[in-house]
Amino acid sequence: MNIRAAEEESAQEIHIPADIDWEMLDKSKFFFLGAALFSGVSATLYPVVLVKTRQQVAQAQLSGIRTAFSIVKHEGFRALYRGFGTSLMGTIPARALYMAALEVTKSNVGSATVNFGIPEPTASAIANAVAGLSAAMAAQLVWTPVDVVSQRLMVQGTHPSCSSPCRYVNGIDAFRKIVKTDGPKGLYRGFGISILTYAPSNAVWWASYSVAQRLVWGGIACYIRKKDDESNDNGNIISSSNNNNTIRPDSRTVMAVQGVSAAMAGGVSALITMPLDTIKTRLQVLDGEENGRRGPTIGQTVRNLIKEGGWLACYRGLGPRWASMSMSATTMITTYEFLKRLSAKNQESLL
């Protein structure tokens with residue numbers, strides 16, 4: 001894939017390894033390796049997600065660090081992984097569904113937009129946005145019940161409104177008691193706002209990631225051009241051909257650009273969707289006001305948050321979520337691109 005960087009300021013072109021579409025992947029290897037790699041990523045980031053969830057349902061505002069130390073002090077280190085088993089069991093099918101929807105949609109929409117005569121940079125951003133939107137909606141069919149169960153386990157006994165007549169022993173026990181109390185719809189509490197949170201967030205993230213990559217590569221092209229004007233020495237990281245002004249980055253540079261672009265996109269998405277995520281979490285984990293059978297409405301949840309701490313209460317847990325989404329985005333995209341290269345049918349075509 002060729003990305004023309006800094007079109008108005010630089011005549012140099014950055015040549016990076018070809019993108020891998022759905023048809024180029026060995027599907028069995030893709031899903032098997034993906035399950036293993038993303039399970040490791042989930043295990044690494046899970047404590048940050050738990051701290052964020054605790055902050056969102058807490059009535060008193062504490063920093064993420066103080067919340068984490070308090071959990072370890074009073075509940076032990078293992079409490080940072082409460083509900084992880086349930087989350088992991090749901091992560092594997094949800095990630096598989098997400099990746100399949102993402103790649104199929106991106107490949108089809110990308111081809112369609114280019115055929116309509118839309119410029120490649122714009123077509124790429126549109127394809128990424130639509131793919132992120134469809135992938136998030138598909139994954140929420142699995143992810144919402146997993147969220148409900150795992151978040152109940154995360155916060156049980158830590159908030160007055162979470163005091164249910166039954167205590168959950170593990171994920172299976174929580175699943176059974178939620179269905180018994182609220183019916184199957186109890187597992188999809190907050191499904192609507194989950195779609196409103198994650199679908200736009202993913203669309204924004206994938207579109208921002210595409211744009212951020214072009215901006216970063218454009219900056220690198222300008223930097224190399226200035227350096228070439230000063231000296232014939234092009235450095236050790238990126239080499240430039242004098243014949244065709246083509247910059248060929250090595251694999252480490254490509255990975256670094258992907259990581260930086262992903263972190264930028266993750267931070268922006270976290271800030272934009274934080275209030276919706278807080279409301280969603282409250283809806284999923286807090287019981288109804290009296291008998292625990294009728295959950296709070298979105299309006300009630302917003303009023304309670306404002307009553308507790310004003311509009312800023314909607315941004316509780318922003319620090320951990322920002323960190324989590326940035327770290328998750330960086331590790332996810334580098335892992336994901338690495339996974340696609342490992343799963344490519346023809347390795348020689350990637351050069």
Side-chain angles (χ1 to χ4, degrees), residues 45-75 79-80 82-83 87 136 140 143-144 147-148 150-163 189-205 207-208 212 262-289 295-330:
L45 298 175
Y46 191 81
V48 181
V49 176
L50 184 138
V51 170
K52 182 266 298 181
T53 303
R54 289 285 187 96
Q55 283 188 287
Q56 288 177 320
V57 301
Q59 291 181 322
Q61 188 169 1
L62 293 175
S63 68
I65 295 176
R66 289 182 64 185
T67 300
F69 275 114
S70 176
I71 292 171
V72 174
K73 180 180 178 180
H74 295 100
E75 304 173 51
L80 292 174
R82 182 177 291 170
S87 178
Q140 281 308 307
W143 206 244
T144 298
D147 257 357
V148 170
S150 62
Q151 288 177 345
R152 291 284 185 97
L153 292 171
M154 285 181 190
V155 303
Q156 70 171 347
T158 65
H159 190 285
S161 298
C162 294
S163 55
R189 180 181 290 182
F191 177 73
I193 199 166
S194 291
I195 294 293
L196 291 176
T197 300
Y198 291 121
S201 175
N202 273 263
V204 169
W205 190 92
S208 299
M264 292 167 59
V268 171
S269 295
L271 184 63
I272 292 174
T273 61
M274 187 66 212
L276 289 172
D277 186 68
T278 301
I279 296 168
K280 173 192 74 71
T281 301
R282 287 277 183 126
L283 285 171
Q284 290 178 331
V285 304
L286 301 187
D287 288 330
E289 297 227 341
T297 64
I298 294 177
Q300 289 172 338
T301 301
V302 173
R303 285 193 293 271
N304 289 339
L305 279 167
I306 295 174
K307 184 178 179 180
E308 291 173 14
W311 287 105
L312 287 178
C314 294
Y315 284 88
R316 282 181 183 165
L318 176 61
R321 187 166 190 256
W322 184 294
S324 175
M325 286 192 69
S326 296
M327 289 189 296
S328 177
T330 302

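- Between atom CG of residue Leu312 and atom CD1 of residue Ile306 there is a gap of 11.0 Å, rounded to the nearest 0.5 Å.
- Between the CG atom of Asp147 and the CZ atom of Arg189 there is a distance of 13.5 Å, given to the nearest 0.5 Å.
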- For Thr273 and Val204, what are the C-alpha separation, side-chain angles and deciding distance, and is it a side chain to side chain contact (heavy atoms under 4.5 Å, CB included)? CA-CA 10 Å; Thr273 61; Val204 169; over 6 Å; no
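- A side-chain donor-acceptor contact under 3.5 Å links Asn202 to the backbone of Tyr198.
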- Item | Lys280 and Gln151: CA distance, side-chain angles, deciding distance, side chain to side chain contact (heavy atoms under 4.5 Å, CB included) verdict | CA-CA 11 Å; Lys280 173 192 74 71; Gln151 288 177 345; 3.8 Å; yes
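- Checked by atom type and distance alone, the side chain of Ser87 never pairs as donor or acceptor with a backbone atom of Gly83 at under 3.5 Å.
- Minimum interatomic distance between Trp311 and Tyr315 (heavy atoms only, all atoms of both residues): O-CD1, 4.0 Å.
- Residues Ile193 and Ile279 approach most closely at CD1-CG2, 3.4 Å, considering heavy atoms.
- Between Ala263 and Ser326 the shortest heavy-atom distance is O-OG, 3.7 Å.
- Of all heavy-atom pairs between Ala313 and Leu305, the closest is CB-O, 3.2 Å.
- With Thr281 as reference, Lys52 is the one residue of Gln55, Arg316, Lys52 to meet the side chain to side chain contact (heavy atoms under 4.5 Å, CB included) rule.
- Side-chain N/O atoms of Arg321 and Thr278 include no donor and acceptor closer than 3.5 Å.
- Scanning both residues, Ala212 and Met264, for their nearest heavy atoms gives CB-CE, 4.2 Å.
- Leu283 CG to Phe191 CZ: the interatomic distance, rounded to the nearest 0.5 Å, is 14.0 Å.
- The shortest non-hydrogen separation linking Tyr46 to Arg82 is OH-O, 2.6 Å.
- No more than 12 heavy-atom neighbours from other residues, nucleotides or ligands sit within 6.0 angstrom of CD1 on Ile65.
- Between Arg54 and Ser70, the closest side-chain pair of non-hydrogen atoms is not below 4.5 Å.
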